[in-house]
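Structure first, commentary second.
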Number of protein chains: 2
Amino acid sequence: MRSRLRERVAADITLSDEPGKTMRKWREEIGTSQYDLSKEMNVSPSVISDYESGRRPSPGIKTVRRIVDALMRLDELSGGKFSKEYEGVENEGILDIKEFPVGIPADIFVKEIDGVSVAENVPPTNNVNGYTILDSLKVITGMSSADYHKIYGWSSQRALIFVGVKFGRSPMVAIRAHPLRPAMVVYVRPERVDPLAVKLAELEKVCLVRTELEVPKLVDRLSRL
Amino acid sequence: MRSRLRERVAADITLSDEPGKTMRKWREEIGTSQYDLSKEMNVSPSVISDYESGRRPSPGIKTVRRIVDALMRLDELSGGKFSKEYEGVENEGILDIKEFPVGIPADIFVKEIDGVSVAENVPPTNNVNGYTILDSLKVITGMSSADYHKIYGWSSQRALIFVGVKFGRSPMVAIRAHPLRPAMVVYVRPERVDPLAVKLAELEKVCLVRTELEVPKLVDRLSRL
DNA sequence: AACTCACATCGGCAATCAACGAATACGCCC
DNA sequence: GGGCGTATTCGTTGATTGCCGATGTGAGTT
């Protein structure tokens, strides 16, 4: 019952500067209307609107729970796009996923993988809590939008490491389309990095890094951390 | 700023059935008094007491944030036992730590590692979100109590896998002493499993499993999941 | 143009919360 | 017993939320 998604959504709303916007983000992500959500919670639709618009800026945690749980139920009803977690797990696109026991300062992370920051505007700051290594092509062709949140494992404060990158546009576009946002994006031996990718990274305030290390070497380095 | 601990504490409080008790748990874990916490938040001590005792059962998320952030600050002040995350990271005791991209049903997890449940009372149910492989001895001798939460990575809903176990008493005692609780404890090739360990597992409602697989084999199996 | 659907806005009342402070209780140590 | 630090209880006061229902708006149909 205590799915990860539930905890993540709850923390996200609770710690958000604008809980309303965050609530809306998740509602839209689940793909339901204010009306349906309100019915699931047995309240009037205006209640949802009041929260989302910010008129009610600090809901009680009881309310947050009701909302989160209603969202989970709605997801379940509509086929459980998000909550049905295990089903053989053929995540073709995910090559490796790991969390660090402790957060690692981003600049140290970059150094460790011989990385070079390519987005001037967004220097490696903050912490990195984990990483996911992805096969760019398979992710884009093979994963449904609802699967995307799986690549974030725990903590979205992580590095998404793409291998098989040509110009680095598609990965950034995909990230832009998704409500969750990684702390860092790493391209492994890209042919080149398109200026548009850099621009998108700066827009999204995501630190963009390239490295010339090969994957096995990379994994080795990372496992040392 | 957005440390993992912060998110975890926030989610824990927000989703708790008894937010007061949860708040108290974390305050005590950080090791501060109601008085000091109240001063840090610029409120009267009775406010804290009111929350913790349950008179105020559903604090607004604004309040939750203030409390969580005050706790983080207090931790920082007292040397950052919890928040100082990176410091070379010599977590001798942690052999491996990983999160699954999706939660895995506990019974499947057990089957996958040729495990045998030894606590009748607590069958493998729920999901397992990740695992941590630990060197029992080093954990017990080498880690300070404040380091313990690191072994939970993200999601406490995980399997703690102990190698080098003799009777399995100390690991269970350590778990009992800590506020976080794993979903499952696995002993790798233990000499034997003491009845007391079983009893403690049942008390804590933690699923207890033993396996005869060797560590490399185990890691291999787990990485397939 | 009339009709939906999704969402926003607003007034308003009851319920709840936020916060204080003073009184009270529970150790524990001289 | 007396003092000290800590936690609890509780009455009280604004302030805010919880919730409703009516009304508005704006995009998309038909």
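The chains referred to below are lettered A, B, ... by the order of the sequence lines, with proteins before strands, and numbering in each begins at 1.
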Give every residue pair that meets the salt bridge (Lys or Arg N to Asp or Glu O under 4.0 Å) criterion with at least one member in residues 53-63 of chain A, sequence neighbours excluded.
->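 Non-adjacent pairs meeting salt bridge (Lys or Arg N to Asp or Glu O under 4.0 Å): A:D50-A:R55, A:D50-A:R56.
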Sequence neighbours excluded - salt bridge (Lys or Arg N to Asp or Glu O under 4.0 Å) pairs with any residue from residues 30-46 of chain B = B:E40-B:R73
Set of residues satisfying side-chain contact (heavy atoms from CB on, under 4.5 Å) with respect to A:A174, sequence neighbours excluded |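 A:A174 satisfies side-chain contact (heavy atoms from CB on, under 4.5 Å) with A:Y148 only.
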Please table the atom pairs, donor to acceptor, closer than 3.5 Å between any side-chain atom in residues 198-206 of chain B and protein atoms at least two apart or in another chain.
residue: B:E202; atom: OE2; partner: B:N121; partner atom: N; Å: 3.4
residue: B:E204; atom: OE1; partner: B:R181; partner atom: NE; Å: 3.0
residue: B:E204; atom: OE1; partner: B:R181; partner atom: NH1; Å: 2.7
residue: B:E204; atom: OE2; partner: B:R176; partner atom: NH1; Å: 2.6

With sequence neighbours excluded, what pairs up with [X] under the side chain to side chain donor-acceptor pair (under 3.5 Å) test?
X: A:R27; result: A:E52
X: B:R192; result: none
X: A:S44; result: A:S46
X: B:R66; result: none

Determine, for nucleotides 5-21 of chain D in 5'-to-3' order, which nucleotides have protein heavy atoms under 4.0 Å from the base (write B), from only the sugar-phosphate (write S), or from neither (write -).
-> --SBBBB-----BBBBB
At what angle, to 10 degrees, do the two end axes of the helix from C:dA1-D:dT30 to C:dC30-D:dG1 meet, given five pairs define each axis?
-> 30°
So where does chain A start and stop touching DNA chain C, 5' to 3', when the test is distance under 4.0 Å to a non-hydrogen atom?
-> C:dC7 to C:dG12
With side chain to side chain contact (heavy atoms under 4.5 Å, CB included) as the test, would you mind laying out the steps for A:E18 and A:R24 before giving the verdict?
-> CA-CA 10 Å; A:E18 289 152 312; A:R24 163 169 293 151; over 6 Å; no
With sequence neighbours excluded, what pairs up with A:Y131 under the ring-ring contact (aromatic ring centres under 6.0 Å, His included) test?
->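 Partners of A:Y131 under the ring-ring contact (aromatic ring centres under 6.0 Å, His included) test: A:F100.
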